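What follows is one structure encoded as structure tokens, with my remarks underneath.
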Amino acid sequence: MTDNESEKSITVTNPATGEIAGTANLCNADDTKAAIEKAYAAYLKWSAVSSNRRAAILFKTAELVRRNQDELARLLTTEQGKILPEAKNEVQGFAAVYEFYASITGTALTGDALPKSDYGYAFTKREPIGVCGAIIPWNMPVLIMAWKTAPAIAAGNSIVLKPSAKTPLTALAIAALAKEAGMPDGVLEIVTGSGEVVGRALAQSRDIASLSFTGSVATGKEVEKFSCGTGKRLIMELGGSDPMVVCADADIDKAVAGAVSGRFYNCGQTCTAIKRLFVADEIADEFTAKLKAETEKITVGNGILKGIRMGPLNSREGLAGIESALERRGTGEIVSGGERLTEGAFGAGNFFEPTIVLNPDGKSPLLNEEIFGPVLPVVSVDSLESAIEYANRTPFGLGASVWTKSLRNSYTFAENIDAGIVWVNRHLKIPPEVPFGGEKASGYGRENGLDALKHYTREKTVIISP
Ligand code: TXE
């Protein structure tokens, strides 16, 4: 990706081959302002459209996305690197989110009829808030686009979305399908460009009522700073360092399968990926041996090819970050992987072996930073309580999972872990109907579910004197 101010376009690189995957416009601050103005004009009309009609267009968008899922998935694999089945899964996830909001928008945005007061009768109603903004990253560009755009549009707002300059192509293709589905011009505006220019212009705009951001903690802080004083409401999804805790009574095979998919899905570049694993002493040897065996079965390669289970990292910088974290790991022992793949066709891409590191010390970056790649640190612990105490020693609080057959363990974990979402005997999957978001450094606000729909509305109280 190049986004030099003197250039007119962004060049997107295929992370598996180093070849050009496509190009997109390099928009500037004036383009962003024009998109916001266009979105405002669209909002004035869209907010007056009945919820039935809005739902029909969202359903139609989902239908077209499903109909074109093969091409969209190929485009996603080409620009992002994830394997084709994961890309298809993500495209289907987009459609599911649109269908969910289409199905609830007509009935979920209700108000209250209040008891008669001294001043008359009162009721509350929910209204759209105006032009919304979204800044999204490159790791799950299709699903995160749905999380931010579907509830905003369903509630009667328009939205200006800035995709990552590393993955703008699927966002543009999906916006074209939305238009084909009947979405009026300006309701879903895509502005491609750099974060420093387009992202900053969105954050600084006083004409945007809400800005939802997903990305790194450092960029999130910048966005907060730029948004300060503009009066917009914010949703911040700033990543995580999710713990997985395996108790002595867990189904070991199921937990191993969960750890492999939870860490190596999307080459480890998922905000809710398992980034630290804590396993009970009693089963640590058996669990680790099985985990190593399953990890070593993962075939790495170009995700467009059949039979590949893990693609490349999205960027060279991401690859360098993984290598640096492993070099600085301290006392941990690498028992699987640990190397970049460079031979033959691998050399042109950003490939890294799925890696397991046993018992890094508590100060290791592997346990304290968000490691955005296929590296899983495994630490053995003497009790659930010490696992929870260890797991909570991080600034993040996004997701967490416990693997056990005991209701007491499940409850103890759910009660005491710092996380916005807790799974028991699974990890990673988030259906559209459940609220999703983090605590502590992982951010605030909720996406998905009714919470997101409500975020994109304001409550108005009406008092009628007889
Ligand atoms: O994220 P950025 P990047 C983490 C992960 C990853 C690192 C960097 O650790 O390695 O972040 O990824 C836009 N004002 N996560 O570089 O920079 C940018 O163009 C406004 C975790 O992609 O945070 C992009 O659209 N916007 C996370 C978006 O912000 C700005 C997922 C995110 O970019 C901006 C992704 C600015 N000054 C990365 N600068 C997760 N865990 O979900 C950039 N942007």
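Just so you know, these numbers use all the heavy atoms, side chains as well, and skip hydrogens, waters and symmetry mates. Owing to the predicted nature of the structure, the values given are computational and were not obtained by experimental measurement. All residue numbers refer to positions in the sequence shown, counting from 1.
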Check ion pair K60-E63 (N to O, under 4.0 angstrom): yes

I'd like to know if the side chain of E79 and the backbone of G22 have a donor-acceptor N/O pair within less than 3.5 Å. no

Closest contact, heavy atoms only, G397 versus S442: N-OG, 2.9 Å

Single hit among T404, V422, V424 for side-chain contact (heavy atoms from CB on, under 4.5 Å) with F413: V422

With heavy-atom distances below 4.5 Å as the criterion, would you say the side chains of F396 and L238 are in contact? no

Are any of the side-chain heavy atoms of L367 and Y390 separated by less than 4.5 Å? yes

For salt bridge (charged side-chain N to carboxylate O under 4.0 Å, His left out), just list the numbers for K290 and D253, CA-CA rounded to whole Å, side-chain angles, deciding distance to a tenth of an Å, and then say yes or no. CA-CA 8 Å; K290 287 184 166 173; D253 292 339; 2.9 Å; yes

Without swapping roles, check the side chain of K82 against the backbone of N139 for a donor-acceptor pair under 3.5 Å. yes

With no hydrogens and no angle check, is any side-chain donor or acceptor of N266 less than 3.5 Å from a backbone partner on Q269? yes

Among T272, T270, I274, L428, the one residue meeting side-chain contact (heavy atoms from CB on, under 4.5 Å) with D242: T272

Any sub-3.5 Å donor-acceptor pair from N14's side-chain atoms to A21's backbone N or O? no

Quick one: do K148 and E237 make a salt bridge, cutoff under 4.0 Å? no

Rounded to the nearest 0.5 Å, how far does CD1 of I144 lie from OG1 of T214? 5.0 Å

Heavy-atom check, side chain of E385 versus side chain of I388, under 4.5 Å: no

Is it true that a side-chain atom of T299 and a backbone atom of R309 form a donor plus acceptor pair closer than 3.5 Å? yes

Output yes when a side-chain donor or acceptor of R233 lies under 3.5 Å from a complementary backbone atom of A209, and no otherwise. no

Less than 4.0 angstrom from a charged side-chain N to a carboxylate O is my criterion; do E369 and R328 meet it? yes

Spacing of H427 atom NE2 and Y265 atom OH [to the nearest 0.5 Å]: 13.0 Å

Walk me through it: do S336 and E296 pass the test side chain to side chain donor-acceptor pair (under 3.5 Å)? CA-CA 7 Å; S336 240; E296 287 173 355; 2.7 Å; yes

Take F213 and L234, measure what side chain to side chain contact (heavy atoms under 4.5 Å, CB included) needs, and give me the verdict at the end. CA-CA 8 Å; F213 171 84; L234 295 175; over 6 Å; no

Can you find a pair of side-chain heavy atoms, one from L72 and one from L177, that are under 4.5 Å apart? yes

For the pair E333 (side chain) and L358 (backbone), establish whether a donor and an acceptor sit closer than 3.5 Å, ignoring hydrogens and angles. no

Please determine if R74 and E71 form a salt bridge, counting it only when a charged side-chain N lies under 4.0 Å from a carboxylate O. no

N/O donor-acceptor pair under 3.5 Å between S164 side chain and P137 backbone: no

What pair of heavy atoms forms the shortest contact from A87 to T77, and how long is it? CB-OG1, 3.4 Å

Interatomic distance, CZ@R66 vs CD@E99, rounded to 0.5 Å, equals 4.0 Å

With V245, the side-chain contact (heavy atoms from CB on, under 4.5 Å) member among L384, V381, V279: L384

Gap between atom CZ of F436 and atom CD1 of I235 - 0.5 Å precision: 11.5 Å

